[in-house]
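See structure below.
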Amino acid sequence: MIRENIKAKREDSKENRKIVEEVMRDFHARADARRSFDTIWQLNMNYLMGNQYCDVGYGGLVEETDKQFFWQEREVFNHIAPIFDIRFAKLSKIKQQVHVLPATNDERDKQTAKISNKILNSVGNKLGLPAKINQAIKWSEVCGTSFYKVNWNPNAGQLVGLDEDGLEIRGGEIDISVCSPFEIYPDSNTCETIDDCQSIIHARAYTLAEIKDMYGIEVESERLNTFALDSVTAGMAGLGFNGMATKVIESVREDSALVIEKYIRPNKDFPEGRLIIIAGKRVVYDGSLPYFCGEDGKRDLPFVKQISIEQPACFWGASVIERIIPVQRAYNAVKNRKHEFINRLSLGVLSVEDGSVDLDNLEDEGLCPGKVLVYRQGSSEPKYLQTQTLPADFNEEEKRLNEEFYKIGGISETLGSEYVSSNLSGVTLELLIGQDEIRLNSTIESIKSCYKEISKRILRLYKQYALFPRIARIAGDNGQIELFYFNSNDISSDDVEIETMNDSTQTLTQKREMVFALLNSGVLSDENGKLSKRMKYKVLESLGLGVWENAQDLNELHIKKADNENIRLLGGESVAISEIDDHELHINEHIAFMLGNDYEKAVSKDKNLEEKFLSHVREHKKAKEV
């Protein structure tokens with residue numbers, strides 16, 4: 001649908017020029033309204049990179065600050081970067097796993113829910129979704145907000161054929177991209193969620209070659225201001241030294257043009273919504289919102305927002321860096337003043353009578369060892385001024401600022417404290433660690449909510465576009481590759497829930513400790529106080545040792561063989577037992593299947609099935625007793 005509309009819009013017209021003027025006017029108005037947030041984000045990025053002697057000038061631009069004196073110490077003691085690294089390491093530990101709930105208890109819906117789970121796993125592996133989530137976490141931690149754009153790429157996927165122009169027609173594929181906050185322009189900065197926005201503009205610079213590949217048109221190059229990295233040395237470091245730090249600056253990008261996509265939510269004037277795409281000030285698409293990615297199959301905006309710290313009555317989230325910047329400035333000032341004081345103690349300050357010595361020579365060489373100092377007869381000899389020792393307030397203030405870094409940053413050095421490691425019990429230490437993780441809970445919930453919404457939109461887009469059978473693959477048990485086919489009819493539910501067992505606060509060590517506690521309490525043992533073979537397999541699997549030894553591989557194979565026998569018996573086939581069967585495992589698997597809903601529904605239609613299952617179980621029991 002988009003491709004046909006793009007072809008129709010290639011020709012310039014008076015109507016198209018009017019649309020371009022309206023969209024560009026709206027875009028510039030939104031950019032002006034967002035300018036203060038742009039400055040905050042740019043300042044955050046500079047402080048993270050180590051360029052911490054900059055501030056917002058009168059024109060709203062980030063400007064470098066100069067030294068007040070040539071001897072002034074201006075070293076950077078960057079605590080923001082390690083705090084960012086720790087927060088990112090903790091947040092990136094979250095390994096999301098979604099579970100699609102069936103629409104009803106019907107067997108068909110249960111099967112489609114299983115297929116939907118496989119689809120989500122396949123798409124996540126194919127698109128590298130965990131890496132994209134980590135990229136979004138970095139943007140949200142620096143700027144407070146990041147976005148996912150979930151849409152359909154008609155130029156990807158399997159080759160279907162050729163159109164009348166000889167261009168390839170492909171089946172299409174899901175496309176998920178991470179957008180920085182610099183690319184997104186809402187209609188109001190006071191809307192708290194995307195659902196509150198009536199329209200959103202996505203603006204991004206592309207090269208002319210990329211625009212030609214995407215839309216098949218040639219546009220003129222524009223001079224675009226973009227952010228780039230540069231190094232700054234002026235005014236850095238201390239007396240006699242030059243420092244270097246990376247800074248974020250605005251640069252001009254050549255051989256590129258701006259692509260603006262304006263998404264308008266369905267309203268009275270546009271019941272199906274509206275999407276306008278302008279590339280190089282030319283309209284390439286003007287039509288309905290193409291994606292039925294909203295609730296109940298409605299057209300919706302293709303964006304998902306992720307935030308670090310929520311701000312009331314504000315579309316943009318806050319970054320922890322914004323809160324740490326004043327502490328970082330104070331910390332740099334305290335450390336540098338301490339070093340200046342130490343310089344005075346080590347180098348000294350000379351008191352010289354006017355005209356008594358050669359000042360130029362004294363300034364260049366000082367009172368070096370072995371120096372012959374000649375001064376005017378009758379005058380006082382140069383001497384060092386008496387200086388005091390370093391005040392204790394410097395050390396106290398430095399200690400207080402160090403504590404503030406971790407309090408404001410939402411992290412702590414619990415394990416690094418000598419007092420904690422030697423005076424607290426393991427239970428207390430675990431509570432302290434858990435309390436530390438709770439401080440990141442709001443950010444974790446935002447990440448989980450985004451993953452859930454992305455999963456829903458993936459299923460909805462496949463429901464819309466997967467009209468013919470598509471092939472996908474996932475990694476099955478023991479690393480085996482499983483291929484499966486699906487189409488839109490195999491997707492009946494988008495009710496996605498996040499698996500709570502995959503929380504960041506539940507590490508592999510904690511899960512193993514829980515399993516050992518259950519084993520010690522006897523909860524997993526049978527009435528004789530022993531572990532069954534099946535339970536042993538489940539315990540080793542939960543400990544991550546499911547394929548640890550060959551005996552457990554055999555248990556898994558026996559369980560799969562019993563499952564296949566259940567399917568054959570359900571189809572009305574008579575299945576004989578084998579001498580190599582582990583009869584205990586087979587009996588448990590058959591009984592577990594007979595207690596399920598699938599078995600009850602099948603028996604209600606065919607009464608002979610029950611006798612076939614019971615007869616098969618009796619044969620296993622008889623062989624076990626021999």
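None of the values given here were measured: they were computed from a predicted structure.
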Quiz item: Going by heavy atoms in the side chains, are F88 and I86 under 4.5 Å from each other?
Solution: no
Check your understanding: Strictly by modelled atom types, are E141 and S308 linked by a side-chain donor-acceptor pair under 3.5 Å?
Key -> yes
Contacts of F613 meeting ring-ring contact (aromatic ring centres under 6.0 Å, His included) (sequence neighbours excluded), chain-then-number -> F593, Y599
- Query: Between D187 (side chain) and Q198 (backbone), is there a donor-acceptor pair under 3.5 Å?
  - Reply: yes
- Task: Go through the steps for Y291 and Q464 under the test side-chain hydrogen bond (donor to acceptor under 3.5 Å, both in side chains), then give the verdict.
- Result: CA-CA 8 Å; Y291 307 125; Q464 179 182 356; over 6 Å; no
Notebook entry, point to check: Do E173 and K126 have side chains that get closer than 4.5 Å, going by heavy atoms?
Noted result: yes
Checklist entry - So, W152 versus F292, ring centres under 6.0 angstrom or not? => result no
**Prompt:** Any chance the rings of Y285 and Y215 have centres within less than 6.0 Å?
**Reply:** no
- Task: Mind telling me whether F182 and W139 have parallel, tilted or perpendicular rings, with 30° and 60° as the class edges?
- Result: perpendicular
For V178, does its backbone N or O pair with a side-chain atom of K149 as donor and acceptor, under 3.5 Å? no
Taken in chain and number order and not counting sequence neighbours, the residues that satisfy ring-ring contact (aromatic ring centres under 6.0 Å, His included) with H620 are H583, H586, H590, H616
- Query: In this structure, are over 12 heavy atoms from other groups packed under 6.0 Å from E619 atom CD?
  - Reply: yes
